[in-house]
Amino acid sequence: GAVVSQHPSWVICKSGTSVKIECRSLDFQATTMFWYRQFPKQSLMLMATSNEGSKATYEQGVEKDKFLINHASLTLSTLTVTSAHPEDSSFYICSARDLWTSSNEQFFGPGTRLTVL
Amino acid sequence: GQQVMQIPQYQHVQEGEDFTTYCNSSTTLSNIQWYKQRPGGHPVFLIQLVKSGEVKKQKRLTFQFGEAKKNSSLHITATQTTDVGTYFCAGVTTMDTGRRALTFGSGTRLQVQP
């Protein structure tokens, strides 16, 4: 099946620093990747939709200047949390859709746990 | 905005008992997807329902999409300990702009006691 990787798996950083998270589709091409955050025992909240070669579409309430998304190729999207603060601590998960299938199935990465001290 | 509600939030069953989770959307959906997330893991796609009134089965799992395409259910017959996890529905809506949005339900956490 399709595999999506995320790097890093977890990161601890100081308040005020920026953190970059990578999302890669390993064996398929994805024009669209999605970024979610998930708080403990809660549902996934869609943050933004990342489209290859164009600007990301952010959900209401998500600051685009704080969560920078770059989808430079059909297999890589990055999320940069700028000037991170403790309230940004969360589990960030990306997902991707296969370019060549008509299915809406999304393949999820393993997630990145961010802790901001 | 669109809301997708799921009930119950949590259910604890004895192994062998049945389990059902229900999903309701505030708006009509293009289709609905179901995912399972094991503790500490990431969501894994189970199935997609597209047609009004559609019923699909995967072994002990039965998925149903309502006639009005606003609700759905997942039923597990004779639960096993391997069924433990959180089950999410995710509704897909198509906006006027043509953009599609996927909204996850709040999830139902299933615990199965051996």
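Order of the sequence lines sets the chain letters (A, B, ...), proteins ahead of strands, with each chain counted from 1.
With hydrogens and angles ignored, the 3.5 Å screen pairs a side-chain donor or acceptor of A:S43 with a backbone N or O of B:G105.
Tracing side-chain contacts under 4.5 Å through hydrophobic residues (I, L, V, M, F, W, Y), one reaches A:Y58 starting from A:I21; they form part of the same cluster. Two different hydrophobic clusters hold A:L68 and A:M47 under the rule that ILVMFWY side chains link at heavy-atom gaps under 4.5 Å. No continuous path of ILVMFWY side-chain contacts below 4.5 Å connects B:F65 to B:V50, so the two sit in separate hydrophobic clusters. A continuous path of Ile, Leu, Val, Met, Phe, Trp and Tyr side chains, each step under 4.5 Å between heavy atoms, connects B:V13 with B:L74, placing both in one hydrophobic cluster. A:M45 and B:V4 are members of different hydrophobic clusters when ILVMFWY side chains are connected at heavy-atom separations under 4.5 Å.
Side-chain contact between A:E105 and B:Q33: absent, with no pair of heavy atoms (C-beta onward) separated by less than 4.5 Å.
From A:K41, atom NZ reaches atom CD of B:Q9 across 11.5 Å, with rounding to the nearest 0.5 Å. Between atom NE2 of residue B:H42 and atom CZ of residue A:F91 there is a gap of 9.0 Å, rounded to the nearest 0.5 Å.
Under a cut-off of 6.0 angstrom, the local environment of NE2 in B:H12 is crowded, with over 12 non-hydrogen atoms contributed by other residues, nucleotides or ligands.
With sequence neighbours excluded, no residue forms a salt bridge (charged side-chain N to carboxylate O under 4.0 Å, His left out) with B:K57. B:K56 is linked by a salt bridge (charged side-chain N to carboxylate O under 4.0 Å, His left out) to B:E54, counting only residues two or more places apart in sequence or in another chain.
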Below 3.5 Å, can you tabulate the donor-acceptor pairs from side chains in residues 77-85 of chain B to any protein atom, sequence neighbours excluded?
from: B:T79; atom 1: OG1; to: B:Q14; atom 2: O; distance (Å): 3.4
from: B:T79; atom 1: OG1; to: B:E17; atom 2: O; distance (Å): 2.8
from: B:D83; atom 1: OD1; to: B:R60; atom 2: NH2; distance (Å): 3.0
from: B:D83; atom 1: OD2; to: B:R60; atom 2: NH1; distance (Å): 2.9
from: B:D83; atom 1: OD2; to: B:R60; atom 2: NH2; distance (Å): 3.2
from: B:D83; atom 1: OD2; to: B:Q80; atom 2: N; distance (Å): 2.7

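Residue contact with chain A, scored on non-hydrogen atoms closer than 4.5 Å, involves the side chain of B:Y35 exclusively. If you measure heavy-atom distances from A:L44 to chain B, the contacts under 4.5 Å come from both the backbone and the side chain.
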Full working for side chain to side chain donor-acceptor pair (under 3.5 Å) between B:Q37 and A:Q38: CA-CA 12 Å; B:Q37 185 176 23; A:Q38 186 178 33; 3.0 Å; yes
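Most heavy-atom pairs under 4.5 Å with chain A: of the set B:S106, B:G107, B:P43, this distinction falls to B:P43.
Heavy-atom proximity under 4.5 angstrom to chain B picks out A:F108, A:G109, A:P110 from residues 108-117 of chain A.
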